[in-house]
Amino acid sequence: MTVTPDDTATRIEAFIRREAAVADDDPGFTRQVNLFDTGYLDSLTVVALTVHIEETLGVPLSDTDLFDPRFATINGMAELITQHTRPE
């Protein structure tokens, strides 16, 4: 099964909306916003998100991934994750 960045972003967005109780009509919540700077993610939510990604997408995340600047946005996370799912 090929996992696309958009599919991955959709899954991540749904998880964050649910876990962080983000309203559907929140204009500040986008796939490009820095989730840490804006307070949508905190350390506990990141742990839950990491477990969710590893369990539902089967992609283990390294410390390098978690500290990658792209991990601050939904689109960036999706990019990192799909990099791990591409055949070498």
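Here the structure is a predicted model, which is why all the values come from computation and not from measurement. Excluded from the calculations below are hydrogen atoms, water molecules and symmetry mates; all remaining heavy atoms, backbone and side chain alike, are included. FYI, the numbering just counts along the sequence from 1.
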- Under 3.5 Å, side chain of Tyr40 to main-chain N/O of Ile16, donor-acceptor pair present? no

- Query: How far apart are the closest heavy atoms of Arg31 and Ala9, and which atoms are they?
  - Reply: NH1-CB, 3.6 Å

- Message: Quick check: closest heavy atoms across Gln32 and Asn75, and the distance to 0.1 Å?
- Response: NE2-ND2, 3.0 Å

- Residues Ser62 and Asp65: side-chain donor-acceptor under 3.5 angstrom: yes

- same_hphob_cluster(Leu66, Ile81) at 4.5 Å side-chain heavy-atom cutoff: yes

- Interatomic distance, Phe36 atom CZ to Thr45 atom OG1 [nearest 0.5 angstrom]: 9.0 Å

- Query: Is a donor on one side and an acceptor on the other found under 3.5 Å between the side chain of Arg70 and the backbone of Leu80?
  - Reply: no

- Rounded to the nearest 0.5 Å, the CD1 atom of Ile12 sits from the CG atom of Asp7 at a distance of 11.0 Å

- Task: Spell out, as yes or no, whether a donor-acceptor pair under 3.5 Å connects the side chain of Glu19 to the backbone of Leu49.
- Result: no

- Do the non-hydrogen side-chain atoms of Leu35 and Ile74 ever get within less than 4.5 Å of each other? yes

- Message: For the CE atom of Met77 and the CG atom of Leu57, what is their distance to the nearest 0.5 Å?
- Response: 12.0 Å

- Item | Approximate separation, where rounding is to 0.5 Å, of Thr38 OG1 and Asp26 CG | 9.0 Å

- Query: Where is the tightest heavy-atom contact between Thr82 and Thr4, given as atom of each residue plus distance?
  - Reply: CG2-C, 3.6 Å

- Any idea which heavy atoms bring His52 and Arg11 closest together, and the distance? NE2-O, 4.3 Å

- Shortest non-hydrogen pair, Ala78 vs Pro5, comes out as CB-O, 3.3 Å

- Message: Is any side-chain heavy atom of Thr50 closer than 4.5 Å to one of Val46?
- Response: yes

- Could you list the residues that satisfy ring pair (Phe, Tyr, Trp, His ring centres under 6.0 Å) with Phe71, not counting sequence neighbours? none

- Counting N and O atoms only, with roles assigned by atom type, does the side chain of Asp37 sit under 3.5 Å from a partner on the main chain of Asn34, one being a donor and the other an acceptor? no

- Task: Please report the shortest heavy-atom distance between Val59 and His84, naming the atom on each side.
- Result: CG1-CB, 3.6 Å

